[in-house]
Amino acid sequence: MLWDDHKLKQHVANDIEKKINITAHQLGISPDNVLAISAQKALIAKIRKDNVLLQKSGFVELETALGNQIIAAKHEILGQSVIGECAEMIKGSRKLVQHRLISLRQQRAELRELRGLKEDSAKLVLAKVIADKKRYEASIPTFNLAHERISQLSKQLLRHLSADYLNASLAESRQAMGDSWTTVGLNQGMRSLMKQANTLAGHITKESKTIKRLADNIYDVFQTKHDFDLFDPPTLDMSNFLNNMKALEKITHDFCADPINVLTEKHFLIRRFFLGLGTQMQKIFSQAEKDCERWQHAVLSELISQMSEHKTSLDERVKNLMEARSSTEALDAQLAIIENEYAQISKEGQSLDMMLLHLLKAVKLPKKSKLT
């Protein structure tokens with residue numbers, strides 16, 4: 001609009017510079033972060049293949065900035081996400097390695113204790129391990145009941161974030177608007193959807209607390225009876241879901257408050273905006289559903305890992321003690337096997353530590369974008 005071929009080039013440049021400064025002041029940013037472009041001139045330049053005019057239009061500078069900064073930023077975001085996921089997996093594997101090393105140390109200590117013991121004393125050691133195994137097996141039904149109950153509650157929780165629930169909410173909002181696609185109706189519809197989202201988040205949070213209480217209880221049972229590691233199951237956080245919905249509400253409010261939209265009340269534009277809101281809400285609900293599924297897995301994953309290692313350890317301890325009782329040679333052979341596995345597992349732990357260290361070093365501080 002400022003590009004006027006009838007004006008002197010200096011006057012045009014001054015007008016553009018003035019507009020850049022005003023825009024920068026309004027946005028509270030540096031004038032260097034404002035790009036002046038002419039879409040109309042750029043289109044003509046593209047059609048005519050006029051590179052000089054294309055350069056003057058400012059579009060080349062914009063495309064370069066987008067290519068160099070936004071794509072790089074997306075790569076960095078993706079890289080941070082991948083590194084974060086890998087780091088969590090490595091930490092989980094490292095914890096399993098640690099549990100295995102503890103188990104092997106225990107087996108090694110028991111076998112060394114058998115050396116020089118008489119038959120009756122050796123039987124006592126074996127009887128103690130067998131008693132531990134029976135006590136552990138007696139706790140399995142308690143875990144199964146809790147796991148089944150948590151699974152049932154988890155399915156109920158996820159229903160709140162299903163596509164059917166969202167489609168019903170959107171249909172209800174659309175029905176309330178009727179055929180009057182106005183900014184007032186759109187704003188009211190969005191407020192109604194936001195209210196439903198808050199209620200929904202409240203229900204999900206309440207149900208997640210019930211799940212966490214069940215998980216806390218079963219963790220306490222195994223920690224008290226079988227000396228499992230202390231672990232506090234994570235709490236479900238619905239803040240991302242609510243923040244994303246609030247962002248949509250603000251976008252809707254800004255759209256409806258725009259004088260141009262209020263004065264023109266273009267029904268087709270408002271209808272398209274509403275449909276766009278539906279698409280964005282589908283993404284928000286889908287992400288919230290994935291977050292909830294990850295949380296549900298994390299609630300009992302630590303306990304399940306410890307249970308698996310504990311069972312393996314008990315089975316191996318009974319087997320080793322039974323075999324080692326037959327002769328000194330058998331005992332020494334079992335000790336050698338355990339020592340060898342202990343050394344290998346230790347190396348694996350060191351390798352995981354190195355991998356985690358390399359990943360953490362690979363994390364780069366996000367670069368400040370020149371564009372705002």
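In what follows, residues are counted from 1 in the order of the sequence shown.
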Undergrad: Any link between Ile345 and Ile102 through a network of hydrophobic side chains (Ile, Leu, Val, Met, Phe, Trp, Tyr) touching at under 4.5 Å?
TA: no

Undergrad: Does the side chain of Lys56 come within less than 4.5 Å of Lys41's, by heavy atoms?
TA: no

Undergrad: Quick check for you: to the nearest 0.5 Å, what is the distance between Ile47 atom CD1 and Leu54 atom CG?
TA: 12.0 Å

Undergrad: For Lys347 and Gln344: C-alpha separation, side-chain torsions, deciding distance, then whether side chain to side chain contact (heavy atoms under 4.5 Å, CB included) applies.
TA: CA-CA 5 Å; Lys347 286 182 180 178; Gln344 289 181 347; 5.8 Å; no

Undergrad: Given side chains that start at C-beta, do those of Phe59 and Lys46 come closer than 4.5 Å, heavy atoms only?
TA: no

Undergrad: Closer than 3.5 angstrom, by distance alone: can the side chain of Asn217 be matched with the main-chain N or O of Arg213 as a donor-acceptor pair?
TA: yes

Undergrad: Hey, what do you get for CE (Met355) to SG (Cys86), rounding to the nearest 0.5 Å?
TA: 8.0 Å

Undergrad: Between Thr199 (side chain) and Lys195 (backbone), is there a donor-acceptor pair under 3.5 Å?
TA: yes

Undergrad: Tell me whether Ser286 contacts the main-chain N or O of Lys283 through its side chain, where contact means a donor paired with an acceptor under 3.5 Å.
TA: no

Undergrad: Do the side chain of Ser162 and the main chain of Leu158 share a donor and acceptor less than 3.5 angstrom apart?
TA: no

Undergrad: Can you find a heavy atom in the side chain of Asn144 that is under 4.5 Å from one in the side chain of Glu148?
TA: no

Undergrad: Are Met89 and Ile83 connected, step by step, through hydrophobic side chains (Ile, Leu, Val, Met, Phe, Trp, Tyr) whose heavy atoms are closer than 4.5 Å?
TA: no

Undergrad: Is the shortest side-chain heavy-atom distance between Arg94 and Leu356 below 4.5 Å?
TA: no

Undergrad: Stepwise, does the side chain to side chain contact (heavy atoms under 4.5 Å, CB included) test hold for Val34 with Asn21?
TA: CA-CA 8 Å; Val34 180; Asn21 290 328; over 6 Å; no

Undergrad: Check this for me, if you would: do Glu348 and Arg100 make a salt bridge, where the nitrogen-to-carboxylate-oxygen distance has to be below 4.0 angstrom?
TA: no

Undergrad: Do the charged groups of Asp132 and Arg135 touch, with an N to O distance under 4.0 Å?
TA: yes

Undergrad: For a side chain to side chain contact (heavy atoms under 4.5 Å, CB included) check, start with the C-alpha distance between Met307 and Phe228, then their side-chain angles and the critical distance, and finish with the verdict.
TA: CA-CA 9 Å; Met307 287 176 66; Phe228 277 23; 3.7 Å; yes

Undergrad: Between Glu289 and Arg294, is there a side-chain N and carboxylate O pair less than 4.0 Å apart?
TA: no

Undergrad: Under a single-linkage definition using a 4.5 Å side-chain heavy-atom cutoff for Ile, Leu, Val, Met, Phe, Trp and Tyr, are Leu66 and Ile37 assigned to the same hydrophobic cluster?
TA: yes

Undergrad: Could you check Asn51 against Gln55 for side-chain hydrogen bond (donor to acceptor under 3.5 Å, both in side chains), going step by step and ending with a plain yes or no?
TA: CA-CA 6 Å; Asn51 291 329; Gln55 287 288 342; over 6 Å; no

Undergrad: Mind listing the closest non-hydrogen atom pair of Ser154 and Ile211 along with its distance?
TA: OG-CD1, 3.8 Å

Undergrad: Any side-chain heavy atom of Ile204 within less than 4.5 Å of one from Leu236?
TA: yes

Undergrad: Which residue pairs satisfy the salt bridge (Lys or Arg N to Asp or Glu O under 4.0 Å) criterion with at least one member in residues 224-235, sequence neighbours excluded?
TA: Lys212-Asp232

Undergrad: Would you give the length of the straight line joining atom CE of Met245 to atom CD of Gln196, rounded to the nearest 0.5 angstrom?
TA: 8.5 Å

Undergrad: Group every Ile, Leu, Val, Met, Phe, Trp and Tyr by side-chain heavy-atom contacts under 4.5 Å, then state whether Leu101 and Leu96 land in the same group.
TA: no

Undergrad: Using 30° and 60° as the class boundaries, would you call the ring planes of His160 and Tyr165 parallel, tilted or perpendicular?
TA: perpendicular

Undergrad: Would you compute the distance between atom CG of Leu242 and atom CD1 of Ile284 and round it to the nearest 0.5 angstrom?
TA: 10.5 Å

Undergrad: Quiz question: by atom type and distance under 3.5 Å, do the side chains of Tyr342 and Arg108 form a donor-acceptor pair?
TA: no

Undergrad: Where is the tightest heavy-atom contact between Pro141 and Ala138, given as atom of each residue plus distance?
TA: CD-O, 3.4 Å

Undergrad: If only atom types and distance count, is the side chain of Ser308 paired as donor or acceptor with the main-chain N or O of Ile304 below 3.5 Å?
TA: no

Undergrad: Under a 4.0 Å threshold between the charged nitrogen and the carboxylate oxygen, would Lys133 count as salt-bridged to Asp315?
TA: yes

Undergrad: Answer whether the closest heavy-atom distance between the side chains of His297 and Glu293 falls below 4.5 Å.
TA: no

Undergrad: Does any non-hydrogen side-chain atom of Ser139 lie less than 4.5 Å from one of His226?
TA: yes

Undergrad: Between Gln107 and Ser103, does a side-chain hydrogen bond (donor to acceptor under 3.5 Å, both in side chains) hold up when you go through it step by step?
TA: CA-CA 6 Å; Gln107 293 178 52; Ser103 171; 3.2 Å; yes

Undergrad: Using atom types as modelled and distance alone, determine if a side-chain donor or acceptor of Asn243 lies under 3.5 Å from a backbone N or O of Ser239.
TA: yes

Undergrad: Name all residues meeting the ring-ring contact (aromatic ring centres under 6.0 Å, His included) criterion together with Phe273; count only those two or more places apart in sequence or in a different chain, and write none if there are none.
TA: Phe255

Undergrad: How are the rings of Phe285 and Phe241 set to each other: parallel, tilted or perpendicular (split at 30° and 60°)?
TA: perpendicular

Undergrad: In terms of heavy-atom contacts, does CD of Gln156 have more than 12 from other residues, nucleotides or ligands at under 6.0 Å?
TA: yes

Undergrad: Please evaluate residues Gln26 and Ile22 with respect to the criterion side chain to side chain contact (heavy atoms under 4.5 Å, CB included), reporting the C-alpha separation (whole Å), side-chain torsions for both, the decisive distance (0.1 Å), and the verdict.
TA: CA-CA 6 Å; Gln26 289 173 336; Ile22 292 172; 3.9 Å; yes

Undergrad: Is the closest side-chain heavy-atom distance between Gln334 and Ile337 below 4.5 Å?
TA: yes

Undergrad: Gln306 and side chain to side chain donor-acceptor pair (under 3.5 Å): which partner among Glu309, His310, Glu302?
TA: Glu302

Undergrad: Which residues end up grouped with Val82 if you chain together Ile, Leu, Val, Met, Phe, Trp and Tyr wherever their side-chain heavy atoms are less than 4.5 Å apart?
TA: Leu78

Undergrad: Quick check for you: to the nearest 0.5 Å, what is the distance between Ile218 atom CD1 and Ile150 atom CD1?
TA: 8.0 Å

Undergrad: Under 3.5 Å, is there a donor-acceptor pair between the side chain of Tyr219 and the main chain of Pro233?
TA: no

Undergrad: To check you understand the geometry: which heavy-atom pair defines the closest contact between Leu111 and Ile338, and what is its length?
TA: CD1-CD1, 3.3 Å

Undergrad: Can a donor-acceptor pair be found, under 3.5 Å and without considering hydrogens, that links the side chain of Asp220 to the backbone of Asp216?
TA: no

Undergrad: Which atom names give the shortest non-hydrogen contact between Gly349 and Val97, and what distance separates them?
TA: CA-CG1, 3.9 Å

Undergrad: Honestly curious: do Leu53 and Leu43 fall in one hydrophobic cluster under the side-chain, below-4.5 Å linking rule?
TA: no

Undergrad: In Å and rounded to the nearest 0.5 Å, what is the CG to OG1 distance from Leu200 to Thr205?
TA: 9.0 Å

